[in-house]
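Letters go in sequence order (proteins before strands), and every chain restarts at 1.
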Amino acid sequence: MIDLEKFRKNPEVYKEEVKKRNMDIDIDEDIALDEKRRKLIFKVEKMRARKNEVSAIIPKASGEDKQKMITEMKELNLGLKDLESELELLEKSFFEKISTYPNLTHESVPVGKDENDNIMAYKVGRVPDFDFIPKSHSELGVMLGIIDEERAAKISGSRFVFLKNENVMLQFALVQYVLNILSKRGFIPLVPPVLVKERAMYGTGFFPVEASQYYKTELDDLYLIGTSEVPLCAYHSDETISAEKLPQKYAAYSTCFRREAGSYGKDLGGLFRVHQFDKIEMFIFSHPENSWDDFEFLRDTLEEIVKGLGLHYRIMNMCTGDIGTPNAKKYDLEAWMPAQKNYREIASCSNDTEFQARRLNIRFKDGERKGFVHTMNSTACAVGRVIMAIMENYQDRYGNIRIPQNLIAYMGGMEIIKR
RNA sequence: GGAGAGGUGGCAGAGUGGUUGAAUGCGGCGGUCUUGAAAACCGUUGAGGGCUUUGUCCUCCGGGGGUUCGAAUCCCUCCCUCUCCGCCA
């Protein structure tokens with residue numbers, strides 16, 4: 001949610017933002033709607049004030065005076081009811097419109113149309129050499145019996161997988177490895193609910209813009225989360241956090257669900273794009289003054305995790321046309337995938353400044369100063385995609401997969417997956 | 001799923017139709033006293049929103065709807081919490 005006062009005073013800022021993001025919003029129309037709305041509020045409140053005024057006198061009056069006043073109030077009520085329902089409609093359409101407005105981007109975000117305009121910030125490590133043609137993780141998965149897509153399709157349809165045998169161990173090894181790093185860095189671990197109310201989806205900014213990406217339950221008004229960013233962010237909704245306690249850092253392990261509507265035929269097969277995957281997500285509630293430092297800390301934490309796995313990757317500074325509505329800035333971490341000979345996104349890290357905090361009413365108090373906290377989130381480990389990266393990068397010419405050094409202990413000493 | 005109880009300010013807890021945005025207590029903040037602290041005493045203490053913005057008005061007693069000139073208080077409905085029973089990982 002944007003700051004309405006700022007919006008009224010300075011609509012140009014939002015016009016500029018909408019243009020940068022390549023969005024189509026008629027701001028002048030919404031400004032006019034807001035004016036109309038406020039005029040009506042004024043009118044309605046005037047009538048209510050009159051009503052309250054007379055109601056205070058009525059008990060003291062008697063006889064004819066009293067009857068006169070009661071009659072006047074009856075009439076006033078008729079007009080008031082009409083105006084109130086008119087106002088309700090206006091409010092609804094105004095807030096529907098305003099809730100599609102994007103956050104304001106940070107000055108360091110490159111302006112661009114789509115993913116082609118994202119800017120590579122830097123690379124870490126180097127492209128690994130293979131003296132054979134590396135296989136896809138999907139192929140390796142079948143050969144080694146550690147991924148079963150066929151049976152998953154039989155049961156649940158496409159874009160579902162079974163992890164099997166060593167891959168199951170690898171998943172939990174990764175989780176242990178990551179939680180260890182995160183607890184050293186002061187993150188409080190959580191296992192959150194994966195079904196949430198509409199407010200949580202709306203408050204985090206996934207609704208209304210991306211609503212078609214998420215599963216909804218039929219009997220109850222609950223939604224399956226696409227990321228634990230949702231319950232993490234909503235965790236402190238309607239709370240005021242005192243400044244000494246900031247930043248509050250959390251890490252949640254959960255399953256995530258995405259409909260992947262509109263991505264038909266894209267990245268079919270394997271672990272890359274599936275309807276259900278497990279992920280550890282980091283989340284920070286931050287003091288606005290430290291927001292951008294905390295954000296770099298978050299990015300650094302993510303990189304420590306990926307570096308420790310020995311993966312080659314690059315950090316992308318995502319452009320205005322490619323970042324999410326709530327994001328003020330976003331980095332993607334793209335790991336090298338040998339079979340595709342390309343970098344693919346395995347994590348992303350965004351600062352949403354006060355966009356979510358406004359919607360979920362998450363405040364801070366710093367002495368006399370009050371305001372909305374800043375919220376930011378980052379993938380710590382998207383298990384499926386990281387397993388994919390490990391399988392492809394750590395394969396040998398025989399189709400075996402070595403275990404990254406830092407995971408061996410968590411794998412009970414296992415050093416290689418082979419048949 | 002069945003039976004019962006209940007949802008009021010940061011918390012506890014009054015209030016059953018008319019200056020009740022809400023008594024009282026605790027907590028918080030400020031002050032007096034004290035070498036300091038505690039105790040005691042005095043004062044203060046919700047949020048959101050409109051406008052002609054150091055003021056004024058409006059809204060908010062779980063959500064929604066209704067009755068009434070007037071609702072925290074009456075009616076309907078939904079939700080949630082607690083206790084007991086049943087079922088269950």
Report yes if a side-chain nitrogen or oxygen of [X] is closer than 4.0 Å to either non-bridging phosphate oxygen (OP1 or OP2) of [N]; otherwise report no.
X	N	answer
A/R48	B/rC57	no
A/R8	B/rG50	yes
A/N52	B/rC57	no

Would you say A/R359's side chain and A/E354's backbone share a donor-acceptor pair under 3.5 angstrom?
->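 Here the side-chain-to-backbone pair does not exist.
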Taking CG from A/N361 and C1' from B/rG49, how many angstroms apart are they, rounded to a whole number?
-> 14 Å
Whole-Å distance, A/E239 CD to B/rC11 P, equals 12 Å
Sole candidate of A/L179, A/V178, A/L182, A/I181 that passes side chain to side chain contact (heavy atoms under 4.5 Å, CB included) when paired with A/F187 |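 The single option meeting the side chain to side chain contact (heavy atoms under 4.5 Å, CB included) with A/F187 is A/L182.
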Is it the case that A/E281 and A/Y250 place a side-chain donor and acceptor less than 3.5 Å from each other?
-> no
Go through the side-chain N and O atoms of A/N351 and A/S291 and say whether any donor and acceptor fall under 3.5 Å apart.
->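 Distance-only check passes for A/N351 and A/S291.
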Nucleotide opposite [N] in a Watson-Crick or G-U pair, distances under 3.5 Å:
N	value
B/rA47	B/rU59
B/rU32	B/rA40
B/rC84	B/rG2
B/rG17	none

When all nucleic acid strands are considered with a 4.0 Å heavy-atom cut-off, which category describes A/R363: base, sugar-phosphate, or nothing?
-> sugar-phosphate
Would you mind classifying the nucleic acid contact of A/A49 as base, sugar-phosphate or nothing, using non-hydrogen atoms under 4.0 angstrom?
-> sugar-phosphate
Roughly how far apart, to the nearest Å, are B/rU24 and B/rG43 at atom P?
-> 11 Å
With C1' as the reference atom in both, quote the distance from B/rG30 to B/rU35 in angstrom, rounded to an integer.
-> 22 Å
